[in-house]
Amino acid sequence: MINVPVGTKDILPSERPAWDYLCNIIHETFKAYGFGEIRTPVFEATELFSRGVGDTTDVVEKQMYTFEDKGGRSLTLRPEGTAGVVRSYIENGMASLPQPVKIFYDMPIYRYEKKQKGRYREFTQCGVELFGSSSATADVEVIAMVNTIFARLGISDIQLVINSIGCSHCRPAYNAMLKDYFKSNEDKICETCKGRLDRNPLRILDCKNPDCHSLADNCPKITDHLCPECAEHFEQVKAGLDALGIKYVVDPFVVRGLDYYSKTVFEFISTGIGSQGAVCAGGRYDGLVEILGGPHTPAVGFAMGIERMLLHMESCGLLDKICAPKPKLYIAAMGQQAVLEAERIAYALRTKGVYVETDIMSRSFKAQFKYADKIGAEYTLALGDNEIATGKANLKRMADGQAEETDLSTIVDKF
Ligand code: HAM
């Protein structure tokens with residue numbers, strides 16, 4: 001017996017309706033905000049992620065599925081979606097399209113992480129990337145889009161946490177301040193963070209080690225050290241959210257685990273699904289297009305973790321009423337001619353897009369009706385020698401047993 005790889009799982013046909021329900025609402029919302037879908041390859045050049053996401057991040061240092069192909073190229077299964085979309089934006093000349101360029105995706109992501117509830121090695125992100133606008137209104141629209149999705153799903157108990165992590169003008173000075181602070185407490189931080197001190201002190205703020213965590217409590221806060229432009233931008237983001245009535249909490253410790261962010265960062269946190277509570281996260285990344293070889297292009301986006309969204313929705317009973325589609329019609333048939341007629345009618349109706357079931361198990365008439373009831377067919381049609389001879393049959397509505405004699409030659413038009 002070969003099992004599914006650790007950290008991955010099958011999405012069974014019985015689970016798929018919940019996925020379709022959620023993803024359809026997400027896609028519809030993205031489209032209502034003017035985003036068009038992109039598909040990028042599952043694997044990309046490894047350098048795209050080391051350069052784009054940052055080689056001091058956990059994602060790049062520890063979590064990538066990297067392999068060499070038969071041509072000796074280093075390739076990596078995408079550990080996030082943004083870098084690939086940015087590569088495509090540059091490679092396909094989207095910088096010369098009218099801006100903003102608004103792109104969405106729905107894609108599997110791969111990270112070699114320790115498996116736990118809500119944390120998998122293969123998972124799905126639905127996300128957006130908005131290119132070309134440096135306006136705080138773009139940040140607000142992108143955040144509002146998540147709220148629109150929640151409102152349409154009936155979700156009201158997820159908290160939005162926002163922060164600004166500054167830009168290439170103010171962050172170096174803040175990083176130096178952080179470095180001094182942690183350097184004077186070097187004996188108290190973990191070995192990984194000692195390595196981060198010189199390379200990327202901001203990463204110490206999301207270290208899960210309790211000693212690093214409690215030391216970080218008293219470190220200088222980025223929000224107190226933003227340059228005037230970043231401070232003003234952050235005020236505009238907050239004012240924009242206030243104007244839409246979107247509630248948020250400012251948390252100066254939200255720094256995100258990926259290096260490309262600048263200015264606004266945000267996370268949507270569920271408290272009902274355990275320690276892996278971030279169901280959606282993102283932010284502004286004004287330098288990434290340039291880092292990956294394109295023209296200077298401000299950008300902002302987010303990605304939503306679909307498995308975590310489903311865990312959250314399940315925890316609040318929002319999936320209870322979602323079930324697999326039920327057949328509109330079950331055609332019970334007995335006898336060679338009746339079976340052929342059942343298949344003819346089913347074929348014609350299915351061609352019209354109507355969900356029809358017939359008996360392919362050679363069951364008795366009684367067992368066929370029992371099965372039709374079990375699978376929740378809305379109507380049944382009974383075909384035997386008599387019906388074939390007269391060309392008429394009983395079409396029965398299962399909910400109330402109401403039956404109607406129907407002409408077999410016109411039954412397809414009834415649905
Ligand atoms: P991220 O925070 O690394 O951001 O991931 C986004 C979301 O993916 C998380 O909030 C979470 O819901 C889900 N997620 C992350 N890791 C796992 C995992 N191991 N198992 C299950 N779900 C997971 C990004 O990936 C950025 N590219 C988002 C972004 C887009 N920023 C700007 N544009």
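Start at 1 with the first residue, then count along the sequence. Every value quoted in this text rests on a predicted model; they were computed, and no experiment measured them.
When all heavy atoms are compared, the tightest approach of Ala138 to Arg284 is CB-NH2, 3.9 Å. Of all heavy-atom pairs spanning Leu215 and Tyr181, the tightest one is O-OH, 2.6 Å. Smallest separation of non-hydrogen atoms from Val279 and Ser270: CG1-CB, 4.0 Å. In terms of heavy atoms, Pro41 sits closest to Arg87 at CD-NH2, 3.6 Å. The two residues Met177 and Pro220 make their nearest non-hydrogen contact at SD-CB, 4.1 Å. The two residues Val412 and Ala348 have their closest heavy-atom pair at CG2-CB, 3.7 Å.
Among Ile375, Val356, Asp373, the single residue meeting the side-chain contact (heavy atoms from CB on, under 4.5 Å) criterion with Tyr330 is Ile375. Among Leu241, Val265, Val254, the one residue that satisfies the side-chain contact (heavy atoms from CB on, under 4.5 Å) test with Ile162 is Leu241.
Side-chain atoms of Asn185 do not come within 3.5 Å of backbone N or O of Lys188 as any donor-acceptor pair. Without hydrogens or angle criteria, Arg111 side chain to Pro79 main chain gives a donor-acceptor distance under 3.5 Å. Side chain of Asn394 to main chain of Lys396: no donor-acceptor pair is present (N/O by atom type, distance under 3.5 Å, no hydrogens or angles). In this structure, Thr8 contributes its side chain and Val4 its backbone to no donor-acceptor pair below 3.5 Å. Remark: the backbone N or O of Tyr105 is not paired with any side-chain donor or acceptor of Arg39 at under 3.5 angstrom.
Under the 6.0 Å cut-off for aromatic ring centres, Phe150 and Phe268 qualify, their centroids lying closer than that. Between Phe104 and Phe35, the distance separating the two ring centers is not shorter than 6.0 angstrom. Tyr65 and Tyr112 have their aromatic ring centers within a separation under 6.0 angstrom.
To the nearest 0.5 Å, atom OG of residue Ser275 and atom CZ of residue Arg119 are 7.0 Å apart. Taken from CE in Met304 to OG1 in Thr124, the straight-line distance is 13.0 Å, to the nearest 0.5 Å. Separation of atoms CD (Glu232) and CD (Glu229) is listed at 9.5 Å; rounding is to 0.5 Å. Separation of atoms OG1 (Thr264) and CD1 (Ile165) is listed at 9.5 Å; rounding is to 0.5 Å.
The shortest distance between side-chain heavy atoms of Val86 and Tyr260 does not fall below 4.5 Å. Looking only at side-chain heavy atoms (C-beta outward), Ile306 and Gln125 stay at 4.5 Å or farther from each other. Two residues are said to be in side-chain contact when any heavy atoms from C-beta on lie closer than 4.5 Å; Arg363 and Tyr371 meet this criterion. When side chains are defined from C-beta on, Ile345 counts as touching Glu341, because their heavy atoms get closer than 4.5 Å. In this structure the side chain of Trp19 reaches within 4.5 angstrom of the side chain of Glu307, judged on heavy atoms. Residues Ile158 and His312 are in side-chain contact: their nearest non-hydrogen atoms beyond the backbone lie under 4.5 Å apart. For the pair Arg171 and Ser262, the minimum side-chain heavy-atom distance is below 4.5 Å. For the pair Leu22 and Leu310, the minimum side-chain heavy-atom distance is below 4.5 Å.
Annotation: cation-pi geometry not satisfied between Lys238 and Tyr248 (NZ/CZ under 6.0 angstrom from ring centroid, within 45° of ring axis).
The environment of NZ in Lys9 is crowded: more than 12 heavy-atom neighbours from other residues, nucleotides or ligands sit within 6.0 Å. Atom CZ of Arg199 has more than 12 heavy atoms from other residues, nucleotides or ligands within 6.0 Å. Annotation: Lys414, atom NZ; neighbour count of heavy atoms from other residues, nucleotides and ligands within 6.0 Å does not exceed 12. Enclosure of atom NE2 in His27 by more than 12 non-hydrogen atoms of other residues, nucleotides or ligands within 6.0 angstrom is indicated. The environment of CD in Glu314 is sparse: at most 12 heavy-atom neighbours from other residues, nucleotides or ligands sit within 6.0 Å. Around the CD1 atom of Ile360, the shell of radius 6.0 Å holds no more than 12 heavy atoms that belong to other residues, nucleotides or ligands. Annotation: Lys352, atom NZ; neighbour count of heavy atoms from other residues, nucleotides and ligands within 6.0 Å is above 12. More than 12 heavy atoms of other residues, nucleotides or ligands lie within 6.0 Å of NZ in Lys102, so this atom counts as buried by the packing criterion.
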- Task: Could you walk me through whether Tyr355 and Glu357 pass side chain to side chain donor-acceptor pair (under 3.5 Å), step by step?
- Result: CA-CA 7 Å; Tyr355 174 19; Glu357 290 283 2; 2.7 Å; yes

- Would you please test Thr76 and Phe67 for side chain to side chain contact (heavy atoms under 4.5 Å, CB included) and show each step? CA-CA 6 Å; Thr76 294; Phe67 59 97; over 6 Å; no

- Task: Apply the test side chain to side chain donor-acceptor pair (under 3.5 Å) to residues Glu61 and Thr56: give CA-CA distance (whole Å), side-chain angles for both, the deciding distance (0.1 Å), then the verdict.
- Result: CA-CA 6 Å; Glu61 269 188 336; Thr56 55; over 6 Å; no

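Between Lys194 and Glu191 there is a salt bridge, since a side-chain N of the basic residue sits under 4.0 Å from a carboxylate O of the acidic one. The pair Arg397-Glu404 does not meet the salt-bridge criterion, since no charged nitrogen lies less than 4.0 angstrom from a carboxylate oxygen.
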